[in-house]
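Following: one structure in structure tokens, then a few remarks.
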Amino acid sequence: KFITAFTIGHSITLIGATILGIQANEHLIDAVIALSVLYKGFENLGGFPKILNAKSPNLLGMVSIFGLIHGFGLSTRLQSFDMGEGAMLAKIISFNIGVELGQVAALIPIVILMQVWKKKKSYATFYNVTNWGLVLAGIGLFLFQMYGYMYGHST
């Protein structure tokens with residue numbers, strides 16, 4: 001259900017924003033995507049109850065929102081390419097299907113590995129290190145994109 005929610009959100013903004021020509025500054029949308037990476041690591045580590053003394057937001061709703069954001073980011077990048085003339089909807093849908101199939105192909109071995117690894121004692125360490133990696137990567141990517149927004153050349 002989480003993969004489906006992300007895929008639906010991702011597809012809506014990828015197809016819709018591309019067809020309608022809606023764009024955002026690439027650095028700003030990528031900065032928001034970086035915050036979604038940080039958010040997921042923070043949430044996985046129990047940051048809401050531990051640090052904010054609050055219940056985590058609804059995960060399915062957040063995954064749907066992340067799908068919308070990530071799809072919009074991809075749409076913004078896609079619109080920077082020359083896609084030629086004609087059959088635009090077919091091109092965008094074909095691209096979207098390819099992206100979604102690629103995500104599923106990447107997720108299958110990851111999910112299998114995680115299911116096997118969950119039974120091992122080392123899983124807790126792996127889980128913590130991986131999620132702290134997401135938090136740090138999210139912070140780093142956010143700062144990098146904000147630097148690009150403030151000092152770089154954007155399209």
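Hydrogens, waters and symmetry mates play no part in the numbers below; they use all other heavy atoms, side chains included.
Under the side chain to side chain donor-acceptor pair (under 3.5 Å) criterion, Q103 pairs with E100, not counting sequence neighbours. Residues meeting the ring pair (Phe, Tyr, Trp, His ring centres under 6.0 Å) test with F2, sequence neighbours left out: none. Applying the side chain to side chain donor-acceptor pair (under 3.5 Å) criterion to T18, with sequence neighbours excluded, gives S75. Scored by the ring pair (Phe, Tyr, Trp, His ring centres under 6.0 Å) test, F66 finds Y39 as partners (sequence neighbours excluded). Applying the side-chain contact (heavy atoms from CB on, under 4.5 Å) test to I112 and every residue at least two apart in sequence or in another chain returns I108. F42 meets the ring pair (Phe, Tyr, Trp, His ring centres under 6.0 Å) test with F48; sequence neighbours excluded.
No continuous path of hydrophobic side-chain contacts links V111 to V104 [ILVMFWY only; heavy atoms under 4.5 Å]. Hydrophobic cluster membership is shared by I97 and L78, with clusters built from Ile, Leu, Val, Met, Phe, Trp and Tyr side chains linked at under 4.5 angstrom. M114 and V129 are assigned to two separate hydrophobic clusters, defined by single-linkage of ILVMFWY side chains at heavy-atom distances under 4.5 Å. In the hydrophobic clustering of ILVMFWY residues, with side-chain heavy atoms under 4.5 Å counting as a link, I139 and Y147 come out together. Hydrophobic clustering of Ile, Leu, Val, Met, Phe, Trp and Tyr side chains at less than 4.5 Å, counting indirect connections, unites I92 with V99.
In this structure, N58 places its CG atom where more than 12 heavy-atom neighbours from other residues, nucleotides or ligands lie under 6.0 Å away. More than 12 heavy atoms of other residues, nucleotides or ligands shown are found within 6.0 angstrom of CG on L107.
In this structure, OG1 on T13 lies 12.0 Å from CD1 on I8, to the nearest 0.5 angstrom. The CZ atom of F142 lies 13.5 Å from the NE2 atom of H27; values are rounded to the nearest 0.5 Å. From L136, atom CG reaches atom CG of L141 across 11.0 Å, with rounding to the nearest 0.5 Å.
Contact of the M88 side chain with the M83 side chain is registered, since non-hydrogen atoms from C-beta on lie closer than 4.5 Å.
Evaluation of the ring-ring contact (aromatic ring centres under 6.0 Å, His included) test over residues 68-108, restricted to residues two or more places apart or in two chains, returns F6-H70. Residue pairs meeting the side-chain hydrogen bond (donor to acceptor under 3.5 Å, both in side chains) criterion with at least one partner in residues 89-99, sequence neighbours excluded, are S11-N96. Residue pairs that meet the salt bridge (Lys or Arg N to Asp or Glu O under 4.0 Å) test with at least one member in residues 32-56, sequence neighbours left out, are K40-E43. Residue pairs meeting the salt bridge (Lys or Arg N to Asp or Glu O under 4.0 Å) criterion with at least one partner in residues 66-81, sequence neighbours excluded, are E26-R77, D30-R77. Listed by first and then second residue, the side-chain hydrogen bond (donor to acceptor under 3.5 Å, both in side chains) pairs that reach into residues 109-120 are W117-S122, sequence neighbours excluded.
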Start with the C-alpha distance between I15 and I19, add both sets of side-chain angles, then the distance that settles side chain to side chain contact (heavy atoms under 4.5 Å, CB included), and finish with yes or no. CA-CA 6 Å; I15 295 168; I19 294 266; 4.2 Å; yes

Just do the side chain to side chain contact (heavy atoms under 4.5 Å, CB included) check on H10 and L74 with the steps written out, would you? CA-CA 9 Å; H10 190 265; L74 193 51; 3.8 Å; yes

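Hydrophobic clustering, defined by side-chain heavy atoms of Ile, Leu, Val, Met, Phe, Trp and Tyr closer than 4.5 Å, leaves V116 isolated from every other such residue.
What you find for T76 and A24 is that their closest heavy atoms are CG2-O, 3.1 Å. V135 and L38 make their closest contact through O-CD1, 3.4 Å (heavy atoms, listed as atom of the first residue, atom of the second, distance). Residues Y127 and N44 approach most closely at OH-O, 3.0 Å, considering heavy atoms. For A5 against L60, the heavy-atom pair with the smallest separation is CB-CD1, 3.6 Å. Of all non-hydrogen atoms in I69 and V32, the two that sit nearest each other are CG2-CG1, 3.7 Å. When all heavy atoms of A105 and P109 are compared, the closest pair comes out as O-CD, 3.0 Å.
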